[in-house]
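Take a look at the structure set out below.
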Amino acid sequence: MRSERFRPPSPQVGVVRSIFGSRHASNLVSTPGIRFDLRAGVSVPSWLVSEQPETNAVTSDDDLPEQMRVRREKRARLLERGVDPYPVEVPRTHTLREIRENHPDLEPDTATGEMVGITGRVMFIRNTGKLCFATLREGDGTELQAMLSLNRVGETALSDWKTDVDLGDHVFVRGEVITSRRGELSVMADEWRLTSKALRPLPVAHKQLAEETRIRQRYVDLILRPQARNTVRSRAAVVRSLRDSFDRRGFVEVETPMLQTLQGGAAARPFVTHSNALDIDLFLRIAPELYLKRCVVGGIEKVFEINRNFRNEGSDSSHSPEFSMLEYYEAYATYDTNATLTRELIQEAATAVAGSHVVTLADGTEYDLSGEWTTLSMYESLSDAVGEQVTPDTSAAELLALCDRHGLEVDPKTGHGKLVEELWEHLVGDHLHAPTFVRDFPVETSPLTRQHRTKPGVAEKWDLYVRGFELATGYSELVDPVVERERLEAQARLGAAGDDEAMPVDEDFLRSLEYGMPPSGGVGMGIDRLLMALTGLGIRETILFPLVRPE
RNA sequence: GGGCCGCUAGCUCAACUGGCAGAGCAGCGGACUUUUAAUCCGCGGGUUCGGGGUUCGAUCCCCCGGCGGCCCA
């Protein structure tokens, strides 16, 4: 219902947004539902200005839950007393981490004489009669205790502390580094002040937040759960490791278009948007492949991109409509050398995040990524699994019979390639746990891959399976522009026949190939999946702000 | 798309067969100069996801809708 209220009627959007584009924000004043642009003298409904729900706006305090009302009243009282609950700057001298590092092992009940100014969010608070305790925390998770005693800060500052400070507030404390009688490293305050008043209470720290709340309010999840903070840092470490690995090997990082005029590079349904300037529909990219290959044609012979792809498909524990992808291409590489480089990239990322090629997953089990990895051939491993020979010549009818015998329901119109892959996933892929390369796929389902140099009917393509899911895929790329055109035209015919995952013919891409692309290898790898592989977390944990339906 | 489960205080959860809507933490008031999920005394806090129905009476049963989760396709 609420989303209905904020959805703009599409025909007006472009017009009104362009009005805003030419006006400075300070010309806007707000009233509860409507905002006026003073200079233009036009009124604009609030849904064009802000997509935030109005439910929790400051307006009517009577409707607020008690605890939020209390905190707002505290803020207002502070302002009346001339105290800014959100000061611009405070004289911080040390981070909490620095103080911990400088004083690793003081005896209990020590006074160092060192005066410091510290800041942090109040995560724990104990207000006793004449001595108060608070545990402060800073961004990296480091905590330090602040103490306020009557004889150091005086009666007013102590009672202000008790009445003004709530769990979750940010505070500044200036005082002496000491240890408490219990031995807790602390700062004994001479003065304190609020640095940011929290208007919402933190959820109780000792109960797990509901999964939905963790995702919808990730900032709260990050405040409360160390694992959430670690995941963000692990992801950053993995991405940095990949970039370093490529940099050391002489690869160049590029950024290719996310707004594209044609969908291409993968079989997937795209998101569609519209360009007002060009008055044409654009697609959010489903893969960067066709642009990276243009780079190789142009002479950027070792090239990679780490960025977002968008696929207008399902959203569940292993799929996100928006996901990060690594693709890299290398001239004179093949799917053999690719496999080695991909293994090294993953092993180096494991070292960056876990310090070892053996990683510890979220459930506490270990996963071994070390050494060389198993390699299977798709047709041979499938033949072994079904107990009879399956080759590129096996007919669709025979494959359908195999599906039937193994309890696999498939559309009887399915062709050879998809049947082989379905059977393989069901009988072999689902049972793979250790890192495994599966090689030599049906040509039919690999339109951008070259035929195997000796084995007829298969393509030089591998998939890498880690912990049973597909982590990466690599190819010896098809660079013959004539064959490529045949493949793309076949895809386009599928598209015309109603397959909305099929690619149209990208004439500019074909033109680039016609200038000559050196023999090359290419690889695609899901960054979110790499994180999942290295940490054992679900995709909605590895993505900071996954797409969720509006509240 | 189908099936099942869930939605109750700021948070995490109770509430027997349909009978006064509760607890812990958090909050408010008070006591306490060494607390670590402190302790003690007192108090407040609810559109039980929304709408409709059955009933003397609905958090509970029925219908429609919303959001989420799990399984299947």
Side-chain angles (χ1 to χ4, degrees), chain A residues 1-5 53 55-56 60-75 77 106-111 122-137 143-155 157-159 161-169 175-176 178-189 197-217 219-221 223-225 313-319 403 407-411 414 422 425-426 538-541 546-551:
Chain A
M1 257 161 62
R2 190 178 300 145
S3 63
E4 193 64 38
R5 186 177 151 203
T55 322
N56 298 316
S60 67
D61 282 8
D62 296 347
D63 295 344
L64 288 173
E66 183 197 26
Q67 292 191 51
M68 281 186 243
R69 200 180 64 236
V70 166
R71 285 162 182 252
R72 275 166 214 278
E73 285 164 2
K74 287 182 179 182
R75 171 186 170 279
R77 278 206 309 272
L106 290 179
E107 293 293 308
D109 213 10
T110 305
V122 176
M123 296 306 296
F124 180 79
I125 195 162
R126 287 290 161 252
N127 290 340
T128 66
K130 299 184 178 66
L131 182 64
C132 297
F133 301 86
T135 301
L136 307 187
R137 189 165 75 201
E143 295 187 343
L144 189 71
Q145 179 166 275
M147 295 168 65
L148 295 92
S149 74
L150 178 63
N151 58 18
R152 292 282 286 249
V153 298
E155 203 167 319
L158 190 70
S159 72
W161 171 271
K162 288 185 195 175
T163 55
D164 296 345
V165 177
D166 291 301
L167 232 72
D169 290 353
E176 180 182 3
I178 64 156
T179 52
S180 71
R181 278 181 210 161
R182 298 287 183 84
E184 185 78 33
L185 186 64
S186 308
V187 170
M188 178 60 90
K197 179 75 195 159
L199 297 186
R200 288 176 185 270
L202 285 178
V204 52
H206 312 289
K207 293 280 185 180
Q208 271 211 332
L209 264 194
E211 157 139 347
E212 194 184 345
T213 312
R214 295 211 315 253
I215 291 171
R216 286 189 185 270
Q217 297 179 241
Y219 38 89
V220 175
D221 188 32
I223 291 170
L224 293 179
R225 209 164 48 94
E313 293 167 354
S315 179
D316 60 34
S317 53
S318 62
H319 297 81
C403 287
L408 197 57
E409 285 181 32
V410 289
D411 184 338
T414 312
E422 290 276 342
E425 276 173 32
H426 182 66
I539 197 165
R540 274 170 303 190
E541 301 296 323
L547 179 65
V548 283
R549 206 175 281 278
E551 286 174 70

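Everything quoted here is computed from the prediction, not taken from an experiment. Side chains are part of it too, since the values below use all heavy atoms of this structure and drop only hydrogens, waters and symmetry mates. Per chain, numbering begins at 1; letters A, B, ... match sequence-line order.
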Using a 4.0 Å heavy-atom cut-off across all strands, classify [X] as base, sugar-phosphate, or nothing.
X        : result
A/Leu202 : nothing
A/Lys74  : sugar-phosphate
A/Ala205 : nothing
A/Glu211 : nothing

If you measure from the [atom1] atom in [N] to the same atom in [M], how many Å do you get, rounded?
N     : M     : atom1 : answer
B/U47 : B/C43 : P     : 22 Å
B/C62 : B/U17 : P     : 14 Å
B/U48 : B/G68 : P     : 22 Å
B/G57 : B/A37 : C1'   : 41 Å
B/C7  : B/C13 : P     : 10 Å
B/G24 : B/G66 : C1'   : 30 Å
B/A73 : B/G46 : P     : 47 Å
B/G50 : B/A58 : P     : 15 Å

Both distances below 3.5 Å, Watson-Crick or wobble geometry, any strand: find the nucleotide opposite [N].
N     : value
B/C7  : B/G66
B/G1  : B/C72
B/U34 : none
B/G46 : none
B/U59 : none
B/C13 : B/G22

What is the distance, rounded to the nearest whole Å, between atom [atom1] of [X] and atom [atom2] of [N]?
X        : N     : atom1 : atom2 : answer
A/Leu185 : B/U36 : CG    : C1'   : 14 Å
A/Leu224 : B/C25 : CG    : P     : 18 Å
A/Gln217 : B/G68 : CD    : P     : 15 Å
A/His426 : B/C72 : NE2   : P     : 12 Å
A/Leu209 : B/C13 : CG    : P     : 10 Å
A/Leu199 : B/G27 : CG    : P     : 15 Å
A/Lys162 : B/C28 : NZ    : P     : 13 Å
A/Asp109 : B/U34 : CG    : C1'   : 9 Å

Closest to the [X] side chain: [options]?
X        : options             : answer
A/Ser149 : B/U33, B/C70, B/G27 : B/U33
A/Leu131 : B/U34, B/U12, B/U36 : B/U34
A/Val204 : B/U34, B/G68, B/U12 : B/U12

Exercise. Produce a footprint string for nucleotides 40-46 of chain B: one letter per nucleotide, 5' end first; B if the base is under 4.0 Å from any protein heavy atom, S if only the sugar-phosphate is, - if neither.
Key: ----BS-
Side-chain N or O of [X] versus OP1/OP2 of [N]: is the shortest distance under 4.0 Å?
X        : N     : result
A/Arg549 : B/C67 : yes
A/Lys207 : B/U12 : no
A/Arg216 : B/G68 : yes
A/Arg540 : B/G69 : yes

Exercise. Could you list the residues that satisfy salt bridge (charged side-chain N to carboxylate O under 4.0 Å, His left out) with A/Glu422, not counting sequence neighbours?
Key: none
Self-check item: Under the salt bridge (charged side-chain N to carboxylate O under 4.0 Å, His left out) test, residues paired with A/Lys74 that sit two or more places apart
Solution: A/Asp166
Quiz prompt | More than 12 heavy atoms from other groups under 6.0 Å of NZ on A/Lys162 | solution = yes
Quiz item: More than 12 foreign heavy atoms under 6.0 Å from CD of A/Gln217: is that the case here?
Solution: yes
Quiz item: Between A/Asn127 and A/Pro201, which is nearer to the 5' end of RNA chain B once each is assigned its nearest nucleotide?
Solution: A/Pro201
Quiz item: Between A/Arg181 and A/Thr213, which has a closest nucleotide on RNA chain B that is more 5'?
Solution: A/Thr213
Quiz item: Can you name the side-chain hydrogen bond (donor to acceptor under 3.5 Å, both in side chains) partners of A/Glu541, sequence neighbours left out?
Solution: A/Arg214, A/Arg225
Exercise. Please list, chain by chain and in numerical order, all residues satisfying side-chain hydrogen bond (donor to acceptor under 3.5 Å, both in side chains) with A/Glu211, sequence neighbours excluded.
Key: none
Quiz item: Distance-only, no hydrogens or angles: does the A/Lys197 side chain make a donor-acceptor pair with backbone N or O of A/Asp164 under 3.5 Å?
Solution: yes
Quiz item: Hey, what do you get for CG (A/Leu408) to CD (A/Glu425), rounding to the nearest 0.5 Å?
Solution: 9.5 Å
Quiz item: Which atom pair, heavy atoms only, marks the closest approach of A/Gly168 to A/Ala198?
Solution: O-CB, 3.6 Å
Self-check item: Residues in side chain to side chain contact (heavy atoms under 4.5 Å, CB included) contact with A/Leu150, at least two apart in sequence or another chain
Solution: A/Lys130, A/Glu155, A/Leu158
